[in-house]
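Before any comments, here is the structure.
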Amino acid sequence: MITLALHAAAVASIGLASPWASRMPDGRAARALGVAAAAVSLGLGVAASALASRGGEAAGVDGISSTFVLFVGALALVTLLGQPTDEGTRARTARVLLTTASLETLFLVREPLLVFLLFAASAIPTYVALRANRGPNLVARGFATHQVMSALLVGAGLFLAGDGHAARSAAALLLTVGLFVRQGALPFHSWMPPLFEQAPLGSAAIFVHSQAGAYLLARLLLSTPDVVPTAFLDLVGVATAIYGATLACAQSDARRALGYLAVGQSALVLTGLASAGVTGIVGGLLMVIGVGLAQAGAAVSLECVRSRRGDLVLGSKGHVEVGRGVSASFLALGLAGVGLPGTLGFVAEDLVFHSALEHRPLVGAAMVLATSLSGLAVLRIYFGLAGGERRPLEVRDLLRRERVALVGLFVVLLGLGLASPAVMGRMEEAISRELAHS
Amino acid sequence: MSSRDFVVAAAYVAVFAPAVAGILLFARAGLGVEKRERFVNAVALLGARVAALAGLAAAAAYVARGASPIDVAMTSWFSAGEYEFSLGVGIDGRALTLLALSGVVSLMVVQMSVRYLHREVGHRRFFALLALGQLGIALIALADGLDLLYVGWELVGIASALLIGFYSERRTASRHGLLAFAIYRTCDIGLLGAIVLLHHVSGRGGLPDAGAPPELAPPHAALLGALLLFGAMGKSAQFPLTGYLPRAMEGPSPSSAVFYGGLSVHAGAFLLLRTAPLFERVAAVRYAIVAVGAATALHSTLVGRAQTDAKSQLAYATTQQVGLVFVEIGLGLESLALLHLTGNALLRSAQLLRASSLLEDHVRLEADLGVPRQRPGVPVVRHLPPRVEQALYHYALERGHVDTLAARALAGIERLLAALSAADRRLLERSALGLAPPAPEERPTAAEDKELSS
């Protein structure tokens, strides 16, 4: 009961801060409120997880749910700490808090109607952020088209699920395709790169990297592993991973390149889940966390570059060199997002990789190619950003809050990687239990 | 403390010393602590000295106790389901040779870099990356399985690419850093593929000891050998990938010495030495290793003679000798290969460190003598028929046309990616967004033209 109350308080602290943030006198105050709310929510989430690990698990909230609530709280904290101060800060803070609250609730509930409503609602703040752009808003409309399609398919899948094998299979297929759309898997990837290009990077990062689609897919696999088309999942996952990583290497804009990297890395999660075994599902979910946090941090560091330089064009002649700390933070977090040894991303990739090769060696071999290309894309972005003409800038290197967010995040990812057994312990237990039941 | 424990403890110290130095330097950079050269120098020197002493002490104690291999069973790093990542360490003559070599070369380089990089922008970054690379080499040396070896392999690749692009204000430096990293990543597919295969057929990533009975069926061993050879070719710049090595000299000379004269370029040969028991009974793999090594040695000998700068000449001299080391491995002369590798690494590192001041000395010498210094020796090609000599000269000047072919292939890939990217963008903007593409303006027909004009 106490655990559940702590989880509820964690969600409430974030959800209630959202309307306040938009009414704060200026951007700095809004950001401070948002950071405080995210920190409180994270603290309450940690307390709830600690209680649960000592036997006080709340009904319906297992190790997977509580880990994902912590993960989204951490994502919010990093994106809020790193966002620049301008006239849009208040609105951005409010939207990030609202998205976080809806996602945290989604991870805590199991009731189909609530899952459907929260899944659909979590996309609204990001759509509003895109609508705020001036001019003909193709990206916002494209984003809306895909998210509505995803929500309708997921909703249909949730409500059509019956007792018979045929009904369950049909429902699983609808859910899988709906979640593919949310994950940006081929051929439904087209909304993701422009989202990174045109939405505030914080909003894009929290919406994409929270990977609600992967979470629900894992739940689906754990409850009805026999009806989920796992071969289809594998094929789409690997094809998308290679496609995303390849196109990330060919972009001239860093934000767009990051969008393609997100497409590729989100798809790798699918290959982990497709194994439908403990190793693969643990690896896939760890990948959501390790890679999601790292890539969100990389997005924040790109925002730092943009706020200093004005653009994120790669390799343009005569652009101003930003501080070494800014570009180095992108490099460190970008590499952590593609499996830098020692970090949580490495652990996750290793598990997904071995699980894939055990079930389908060719998929494992294709993953190798995708991972290699992703690493190359990160280094290409880094070299494109790190060079440049040395000119005096008002703010060259990282500000204190940016340093806390980015360096702190890298240390956390390294710590979680080195102490990964502690991170995956409760998740593995929950997954093994659910697989045994199903 | 028994002699076995001493060897193990000293080997661990040789691994952890650069790790601690690197963590200290990266942590101060991360915290934004003001850069102080003295502190950075002291940390880097201390780390390098401790690692070198520990590596040499471990090697000496190992020899003193009779040179019998030591397996250190360690717990796994992480596990899920039936899979676990083992942190097993294997200490034998090969491992300790590379460990001691890495310590000595790194110490030599750090000692020189303290002056070479005095007041240079990126002074701390240089030493931190150097420590990261040294840690990677130490992990490669001691890993008892391909999983842990891959960790070290990746660290070396990242540190090496970042040091090539050290002078970020030079566009060529970034480009060459990226080129080296692209080659590393491409060839890493071989190593990762080998890990996949080894786990798939044997259920674990551990490496057998030298002389152990074969564990794999011949087809598996052949494929594994081919994948490992491909993995080794990238780091060791073997033919046809030799061309990136002179370009990799774009970084500061001391880092060129440690990576492309000393350690990184020999890591591929070490990988083959370490994994030789897996494929040594498959003749095809051994022939392939000999062929690659011989082709590299021949190509580098010819091309190296037409180079006009000292670093490029040294780069080709290095690959020439590494090619011969490959030949020795392929012929099963593993002890000779290890000795050759060690000697070449020490010699080339020293030559690369000395190169810039040697050129200065020669200029002074020639100025004092008043006549150009005489080059010793007569090139062998002078004894060949003129047409053959000319053809070989063209081959050498064009670096065997390999770079031209690679540049064309890369340009083709770039065009393909650009086309794919443009097509994707059109898809995003027109069809995938659920919007009809803007209707093209229709040209009026001839009849309509007439009507309009009337």
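The shown structure was predicted, so the numbers you read here are calculated from the model rather than taken from an experiment. Within every chain, numbering begins at 1; the chains are lettered A, B, ... in the order of the sequence lines, protein sequences first and strands thereafter.
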So for [X], is it side chain, backbone, both, or neither that comes closer than 4.5 Å to the heavy atoms of chain B?
X: A:F188; result: neither
X: A:V282; result: side chain
X: A:I281; result: neither
X: A:I431; result: neither
X: A:L340; result: side chain
X: A:E197; result: side chain

Query raised in the report: Within a radius of less than 6.0 Å around CG of A:L362, do more than 12 heavy atoms belonging to other residues, nucleotides or ligands occur?
Result: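 No, CG of A:L362 has 12 or fewer neighbouring heavy atoms, counting only those of other groups under 6.0 Å.
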Query raised in the report: Counting only heavy atoms not in B:H176, do more than 12 sit closer than 6.0 Å to its NE2 atom?
Result: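 Yes, the 6.0 Å shell around NE2 holds more than 12 heavy atoms from other groups.
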Query raised in the report: Highest number of heavy-atom pairs under 4.5 Å with chain B: which of A:S355, A:G342, A:A419?
Result: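 Of the options given, most contacts go to A:G342.
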Query raised in the report: Taking A:R403 for the side chain and B:G30 for the main chain, is one N or O donor matched with an acceptor at less than 3.5 Å?
Result: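 Side chain of A:R403 to backbone of B:G30, a donor-acceptor pair under 3.5 Å: yes, one is there.
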Query raised in the report: Is a side-chain N or O of B:W77 found less than 3.5 angstrom from the main chain of A:G417, in a donor-acceptor match?
Result: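 Checking the backbone N and O of A:G417 against the side chain of B:W77, a donor-acceptor pair under 3.5 Å is found.
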Between [atom1] of [X] and [atom2] of [Y], what distance do you get to the nearest 0.5 Å?
X: A:D350; Y: B:I195; atom1: CG; atom2: CD1; value: 8.0 Å
X: B:I183; Y: A:L376; atom1: CD1; atom2: CG; value: 10.5 Å
X: A:S372; Y: B:Y184; atom1: OG; atom2: OH; value: 14.5 Å
X: A:F346; Y: B:F78; atom1: CZ; atom2: CZ; value: 6.0 Å
X: A:T371; Y: B:D188; atom1: OG1; atom2: CG; value: 10.5 Å
X: A:F383; Y: B:I164; atom1: CZ; atom2: CD1; value: 7.5 Å

Do [X] and [Y] have side chains that approach each other closer than 4.5 Å (heavy atoms only, starting at C-beta)?
X: B:F26; Y: A:F410; value: no
X: A:L351; Y: B:F85; value: no
X: B:R185; Y: A:L373; value: no

Report task. Go through the atoms of B:R125 and report whether side chain, backbone, both or neither lie under 4.5 Å from a heavy atom of chain A. Result ->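 Interface part for B:R125: side chain.
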Report task. Let me know if B:T186 has heavy atoms under 4.5 Å from chain A in its side chain, its backbone, both or neither. Result ->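 Neither part; nothing is under 4.5 Å.
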Contact summary for [X] and [Y], nearest pair of heavy atoms:
X: A:L247; Y: B:S421; value: CD2-N, 4.0 Å
X: B:V151; Y: A:P341; value: CG1-CB, 3.4 Å
X: B:A80; Y: A:M424; value: CB-SD, 4.2 Å
X: A:V278; Y: B:G81; value: CG1-N, 3.9 Å

Query raised in the report: In terms of ring plane angle, is the pair B:H199 and A:H354 parallel, tilted or perpendicular, where the classes change at 30° and 60°?
Result: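 Perpendicular, since the angle between the ring planes exceeds 60°.
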Report task. Apply the test side chain to side chain contact (heavy atoms under 4.5 Å, CB included) to residues B:L162 and A:L379: give CA-CA distance (whole Å), side-chain angles for both, the deciding distance (0.1 Å), then the verdict. Result -> CA-CA 9 Å; B:L162 292 176; A:L379 214 70; 4.0 Å; yes
Query raised in the report: Based on non-hydrogen pairs under 4.5 Å, which of B:L420, B:L192, B:L178 is most in contact with chain A?
Result: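 Ranked by heavy-atom pairs under 4.5 Å with chain A, first place is B:L178.
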